[in-house]
Structures are given as structure tokens and as C-alpha cells.
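Can you keep this structure in mind? I'll have questions shortly.
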Amino acid sequence: MLQFDFMRRALLAGFLLSIMIPSIGVVMVNRRTSMIGDALSHTSLAGVGLGLIFGFDPIIGAIFVCILSAFSIEGIRQRLPQYGDLATAIIMSTGLGIAAILSDFAPGGNTFESYLFGSISSVTSSDLRNVIIVFIPFIIASIVYYGALLDISIDTNLARLAGVKVKTINAVFTLLTAVTVALAAKIVGALLVASLIVLPVATALIISRSYKTTYIISIVLGVIYTVVGIIMSYNFDIRPGGAIVINAVVGMLIMMVYGKINKAPTKRIYLEEQ
């Protein structure tokens with residue numbers, strides 16, 4: 001398996017993305033904004049369609065559309081905070097509508113389809129380089145802003161009172177989220193990225209009782225689900241996105257049984273970490 005260049009690229013890119021995506025998921029789930037990840041992954045298809053039609057890298061198109069969509073959602077949420085879900089629904093509907101129209105004009109049906117459910121054979125050296133370029137600032141930002149993201153996850157107003165620059169942190173987080181989701185579309189699949197954002201975190205929440213523990217377990221689970229899913233994709237000739245998501249669902253079910261047997265805590269104590 002590892003004698004093939006495309007498998008080495010897919011495994012390395014998948015490994016790095018599986019660290020970044022659950023890290024985003026922890027913040028999103030605690031902020032109750034996980035549907036934003038779903039909206040971004042769907043709207044990324046519009047960028048993919050533009051790239052395929054006009055002949056430039058579809059991932060660049062996906063990154064551009066995701067950034068535009070992410071900041072549009074944040075802008076609407078800030079102006080209409082009581083209708084936060086409405087902003088997500090509007091942007092996702094718009095992106096999906098454009099993507100559906102563009103898919104009729106995109107050359108090569110299989111190429112566009114590979115972005116829906118992921119493809120390990122289509123990961124190029126350029127894709128891997130882009131993931132590495134994003135991974136480095138992502139890790140640095142995660143370490144530097146760990147405390148601020150924890151504060152924002154608990155309560156935005158309390159975070160402001162604690163001196164956190166909420167707007168700046170939100171802008172950095174939104175940008176990194178948009179780029180990461182766009183990059184993941186090629187391996188995990190645009191329709192399934194949101195699952196990798198939510199499922200590892202949901203599984204970790206069953207057994208963990210602190211933000212830090214949830215963070216670490218989510219990343220470990222994300223890496224296991226992704227690497228095993230890519231290996232299954234190669235061995236059984238199935239879509240990597242589907243394999244990754246099924247692994248995550250099975251893992252969550254196993255952890256639910258484990259939690260029931262061991263009476264896992266149901267109440268988080270994040271405030272103790274502040």
C-alpha cells in the first residue's frame with residue numbers, strides 16, 4: 001500500500017486534516033455552531049464547480065467560496081444574533097443552489113463526484129503542500145489562542161470581560177475553519193466533512209469531563225477514524241469519506257455502551273480549567 005505515492009499523500013494529508021478538523025469541532029460544538037461546518041462544506045462545492053469550469057485548481061475555488069461564506073455567516077449572525085441558524089441556512093442554501101447549477105457545466109462527472117464523497121487517488125502533491133502550509137499556522141494559532149477559545153466556547157460575554165479580543169479570535173478561527181473545510185473536501189468529501197467535525201467530539205463528550213480531555217480525545221479519535229477509513233478505502237475500493245464516517249459512527253456507538261457500563265460523567269466541568 002505504501003509503495004504508491006498517492007497513498008502516502010492521502011495518508012499524510014488525512015493525518016494532518018484529522019488533527020485540524022476535530023480541533024475546530026470542539027469549539028463549534030461547545031458554541032453550538034457545528035452547523036456552520038456543514039454549511040461551509042456544502043458551499044465549497046460551488047468553488048469546486050467554478051474551478052472545474054474555468055480551469056483553475058478547484059481547491060482554490062473551494063477555499064475562496066468557504067472564506068466568503070464563513071464571513072458572510074458571521075456577519076449575519078452578528079447583525080441578527082437571535083436568528084443565528086437562519087444565517088447558516090441562507091448561506092448553505094445559496095451555496096448548494098449555485099453548486100447544483102455549476103455541476104451541469106463542470107467537465108467530467110466523476111471529477112465533480114469525487115469532491116462529494118472524497119477520493120484518495122486524486123490527492124496531488126499540490127494538495128498535500130497546501131495542507132502542510134495551513135497545518136503549521138493552525139497549530140500555532142491553536143496553542144496561542146487555546147485559553148481564548150476555551151473562554152469563547154463557554155460564554156462570549158464572559159470572554160470579553162476576561163479581556164479576550166473576541167472579534168479578532170473569531171476572525172482567525174473563522175478563516176482557519178473555512179480553509180480547513182475546503183482542503184478536506186477532496187479526501188473526506190464535501191458532503192461528509194461536517195461529520196468529521198462533529199462525531200469525534202460527540203464521542204469524546206461521552207467519556208470526558210473537561211475541555212482539555214475532550215480536545216485530546218477528539219483529535220485521537222479523528223486520527224484513528226481517518227487513517228483507518230483511508231486504509232479501508234484502499235483495501236475495499238470504497239469512498240474514503242463514507243468509510244471515515246462509518247468508523248466514527250461505530251466508534252461513537254461503542255463509546256456509548258462503554259459510557260453506560262462505566263457510568264461516564266454527563267456533566268462537563270470546563271470552568272475548572274479557566
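All values derive from a computational prediction rather than experimental measurement.
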Exercise. Test Asn157 against Leu161 for side-chain contact (heavy atoms from CB on, under 4.5 Å), laying out the working first.
Key: CA-CA 6 Å; Asn157 292 325; Leu161 293 173; 5.6 Å; no
Quiz item: Under the side-chain contact (heavy atoms from CB on, under 4.5 Å) criterion, do Ser218 and Val201 qualify, and how do the steps go?
Solution: CA-CA 5 Å; Ser218 299; Val201 182; 3.8 Å; yes
Quiz item: Any idea which heavy atoms bring Ala202 and Ile206 closest together, and the distance?
Solution: O-CG1, 3.4 Å
Self-check item: Shared hydrophobic cluster, Ile219 / Ile217 (ILVMFWY, side-chain heavy atoms < 4.5 Å)
Solution: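 They do share one cluster, since a chain of ILVMFWY contacts under 4.5 Å joins Ile219 to Ile217.
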Exercise. Can you label the angle between the Phe54 ring and the Phe56 ring as parallel, tilted or perpendicular, going by 30° and 60°?
Key: parallel
Quiz item: Any idea which heavy atoms bring Thr213 and Ser208 closest together, and the distance?
Solution: CG2-CB, 3.6 Å
Quiz prompt | Same apolar cluster: Leu176 and Met35, side chain cutoff 4.5 Å | solution = no
Quiz item: Does any non-hydrogen side-chain atom of Val27 lie less than 4.5 Å from one of Ile152?
Solution: no
Self-check item: Over 12 foreign heavy atoms within 6.0 Å of OH, Tyr145
Solution: no
Quiz prompt | Neighbour count above 12 (heavy atom, 6.0 Å) for Phe135 CZ | solution = yes
Quiz prompt | Closest heavy-atom pair and its distance - Ile63, Val179 | solution =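 Shortest heavy-atom contact: CG2-CG2, 4.1 Å.
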Exercise. Could you tell me the separation between the CE atom of Met20 and the CD1 atom of Ile197, rounded to the nearest 0.5 Å?
Key: 11.5 Å
Exercise. Group every Ile, Leu, Val, Met, Phe, Trp and Tyr by side-chain heavy-atom contacts under 4.5 Å, then state whether Val220 and Val228 land in the same group.
Key: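 Result: yes, single cluster for both.
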Quiz item: Roughly how far, to the nearest 0.5 Å, is the CD1 atom of Ile132 from the CG atom of Leu12?
Solution: 5.5 Å
Exercise. Nearest 0.5 Å please: distance from the CG atom of Leu221 over to the CG atom of Asn247.
Key: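 Output value for this atom pair is 11.0 Å.
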Practice problem: Specify the closest pair of heavy atoms between Gly222 and Pro22, including all atoms of both residues, with the distance to one decimal. | Solution: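 Smallest heavy-atom distance, with atoms named: CA-CG, 3.9 Å.
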Quiz item: Can you list the residues that meet the salt bridge (Lys or Arg N to Asp or Glu O under 4.0 Å) rule with Arg129, with sequence neighbours excluded?
Solution: none
Self-check item: Atom of Ser69, atom of Thr43 and distance for their closest heavy-atom approach
Solution: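 So the minimum-distance heavy-atom pair works out to OG-OG1, 3.5 Å.
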Quiz item: Which value, rounded to the nearest 0.5 Å, describes the distance between Ile36 atom CD1 and Ile24 atom CD1?
Solution: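 One gets 11.5 Å once the value is rounded to the nearest 0.5 Å.
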Self-check item: ILVMFWY cluster, Leu183 and Phe15 together (side-chain gap under 4.5 Å)
Solution: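 In one cluster with Leu183: Phe15, yes.
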Self-check item: Validation row: Leu52, Pro58 side chains within 4.5 angstrom (heavy atoms)
Solution: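 A side-chain contact exists here, since the closest heavy-atom pair is under 4.5 Å.
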Quiz item: Looking at side-chain heavy atoms only, is the closest gap between Ser23 and Phe138 below 4.5 Å?
Solution: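 Yes - at least one pair of side-chain heavy atoms lies under 4.5 Å apart.
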Exercise. Assess the side chains of Thr177 and Thr180: does a donor N or O sit below 3.5 Å from an acceptor N or O?
Key: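 Not at all, the side chains of Thr177 and Thr180 share no donor-acceptor pair under 3.5 Å.
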Quiz prompt | Within-4.5 Å side-chain heavy-atom neighbours: Leu158 and Asp151 | solution =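 No, every pair of side-chain atoms sits at 4.5 Å or beyond.
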Quiz prompt | The single option from Met7, Arg9, Arg8 passing side-chain contact (heavy atoms from CB on, under 4.5 Å) against Val123 | solution =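 For Val123, the side-chain contact (heavy atoms from CB on, under 4.5 Å) test succeeds with only one of Met7, Arg9, Arg8, which is Arg9.
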Practice problem: For residues Ile76 and Leu86, determine if any side-chain heavy atom of one lies less than 4.5 Å from a side-chain heavy atom of the other. | Solution: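 No. Closest side-chain heavy atoms not under 4.5 Å.
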Practice problem: Answer yes or no: does atom CZ of Phe71 have more than 12 heavy-atom neighbours from other residues, nucleotides or ligands under 6.0 Å? | Solution: yes
Quiz item: Would you call the rings of Tyr215 and Tyr146 parallel, tilted or perpendicular if under 30° counts as parallel and over 60° as perpendicular?
Solution: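 The arrangement is perpendicular - the two ring planes meet at more than 60°.
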Quiz item: Could you state the interatomic distance from CG (Leu96) to CD1 (Ile91), rounded to the nearest 0.5 Å?
Solution: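 Taking CG in Leu96 and CD1 in Ile91, the distance rounds to 11.5 Å.
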Quiz prompt | salt bridge (charged side-chain N to carboxylate O under 4.0 Å, His left out) contacts in which one or both residues fall within residues 116-128, not counting sequence neighbours | solution =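 Passing the test, one end in residues 116-128: Asp127-Lys186.
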Practice problem: Report the distance from atom OG1 of Thr226 to atom CD1 of Ile19, rounding to the nearest 0.5 Å. | Solution: 9.5 Å
Quiz item: Do you know the tightest heavy-atom contact between Thr214 and Ala204?
Solution: O-CB, 3.7 Å
Practice problem: Spell out, yes or no, whether Val26 and Ile216 are grouped together once hydrophobic residues are joined by side-chain heavy atoms under 4.5 Å, including indirect joins. | Solution: no
Quiz item: Would you call Met28 and Phe173 a side-chain contact if the rule is heavy atoms closer than 4.5 Å?
Solution: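 Yes. Closest side-chain heavy atoms under 4.5 Å.
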Quiz prompt | Sub-4.5 Å side-chain heavy-atom contact between Ser18 and Tyr225 | solution = no
Quiz item: So do Asp38 and His42 actually touch side chain to side chain, heavy atoms under 4.5 Å?
Solution: yes
Quiz prompt | Over 12 non-hydrogen atoms of neighbours within 6.0 angstrom of CG in Asn235 | solution =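 Yes, the 6.0 Å shell around CG holds more than 12 heavy atoms from other groups.
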Quiz item: Is a side-chain N or O of Ser233 found less than 3.5 angstrom from the main chain of Ile238, in a donor-acceptor match?
Solution: yes
